[in-house]
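To keep things clear, I will list the structure first and then write my remarks on it.
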Amino acid sequence: MLDGMHPSILWGVFAVILAGAEIIVPGVFLIWLGVAAALTAGLSLVLPINPAFQLLAFAIFTAISVSGGRLWYLARPVASQDPMLNDRAARLVGRELLVVEPINHGVGRVKVDDGSWTATGPDADAGSYVRVTGTKGAALIVEPLPTPLAPPDLARDGKDMPEPE
């Protein structure tokens, strides 16, 4: 069946199959193999070369097209809609968290959602709140939040206050 078919047609069909596979399973890699197959189809159409040299040409065209594609994408990076998608610690920067184990000598633990994380920073008592300012590995770098002052009308409950004179 394949004996009477010209090699350029086989390489062209292979190129179309690879391009179709790239569309079905996007990975930005099979397209470069499809380009190499198309170039091999063009070469086998122009020059009467045997199958061994066709495979060698395909390998060379593959190396060139994959390298060219890599350079293309390095020169034109795709901007992510969420650059911190896989950096959970960096996503916590700016959050205010509760200290669950006191920060003594620069190390303690803070509550993050349903778990706790190691925190580094100035000493802070358990129960106080801190703000995440950065990360170092899996540890959060924190700074203490100022203690909020109670509004004057709420601070006067009349129990421990001296009578006005």
Side-chain angles (χ1 to χ4, degrees), residues 11 14-41 55-165:
W11 284 109
F14 187 50
V16 170
I17 289 171
L18 287 169
E22 176 67 29
I23 292 170
I24 294 170
V25 184
V28 191
F29 181 74
L30 292 177
I31 193 66
W32 306 116
L33 298 179
V35 167
L39 291 172
T40 305
L55 290 174
L56 179 63
F58 177 68
I60 292 169
F61 288 144
T62 297
I64 292 169
S65 65
V66 169
S67 298
R70 184 175 188 281
L71 291 174
W72 171 274
Y73 283 108
L74 286 176
R76 295 160 186 81
V78 178
S80 173
Q81 292 179 351
D82 190 0
M84 292 187 291
L85 178 65
N86 293 321
D87 193 353
R88 185 170 178 211
R91 293 176 80 108
L92 296 174
V93 172
R95 283 191 55 186
E96 296 176 359
L97 304 172
L98 175 68
V99 177
V100 292
E101 289 181 19
I103 300 175
N104 290 323
H105 307 295
V107 180
R109 295 194 71 78
V110 293
K111 181 174 176 48
V112 178
D113 299 329
D114 60 349
S116 67
W117 285 49
T118 301
T120 61
D123 290 354
D125 295 328
S128 62
Y129 283 87
V130 292
R131 177 178 291 120
V132 179
T133 59
T135 63
K136 184 175 182 182
L140 302 176
I141 301 170
V142 298
E143 67 180 13
L145 289 176
T147 307
L149 298 173
D153 57 336
L154 296 177
R156 297 176 185 249
D157 61 358
K159 293 182 181 174
D160 296 326
M161 301 294 291
E163 291 293 322
E165 296 180 16

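Values reported hereafter were calculated over all heavy atoms of this structure, with side chains retained and with hydrogens, waters and symmetry mates removed.
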T40 and F14: side chain to side chain contact (heavy atoms under 4.5 Å, CB included), yes or no, with the steps?
CA-CA 10 Å; T40 305; F14 187 50; over 6 Å; no
Roughly how far, to the nearest 0.5 Å, is the [atom2] atom of [Y] from the [atom1] atom of [X]?
X: L98; Y: R109; atom1: CG; atom2: CZ; result: 13.0 Å
X: L92; Y: D113; atom1: CG; atom2: CG; result: 7.5 Å
X: R95; Y: Y129; atom1: CZ; atom2: OH; result: 11.5 Å
X: L55; Y: W11; atom1: CG; atom2: CH2; result: 5.0 Å
X: D125; Y: N104; atom1: CG; atom2: CG; result: 8.0 Å

Should K136 and T120 be marked as a side chain to side chain contact (heavy atoms under 4.5 Å, CB included) after you check the CA-CA gap, both sets of side-chain angles, and the distance that decides it?
CA-CA 9 Å; K136 184 175 182 182; T120 61; 5.7 Å; no
Closest non-hydrogen atom pair between [X] and [Y], with its separation:
X: G134; Y: V93; result: CA-CG2, 3.9 Å
X: P144; Y: V130; result: CA-CG1, 3.9 Å
X: T135; Y: A90; result: CG2-N, 3.9 Å
X: L33; Y: F58; result: O-CE1, 3.7 Å
X: S116; Y: V100; result: CB-CG2, 4.2 Å
X: P122; Y: E143; result: CD-CA, 4.5 Å

Any heavy-atom pair between the side chains of V142 and L97 that's under 4.5 Å?
no
Is the shortest side-chain heavy-atom distance between V112 and L140 below 4.5 Å?
yes
Name of the residue among D123, V99, I103 meeting side chain to side chain contact (heavy atoms under 4.5 Å, CB included) with S128:
V99
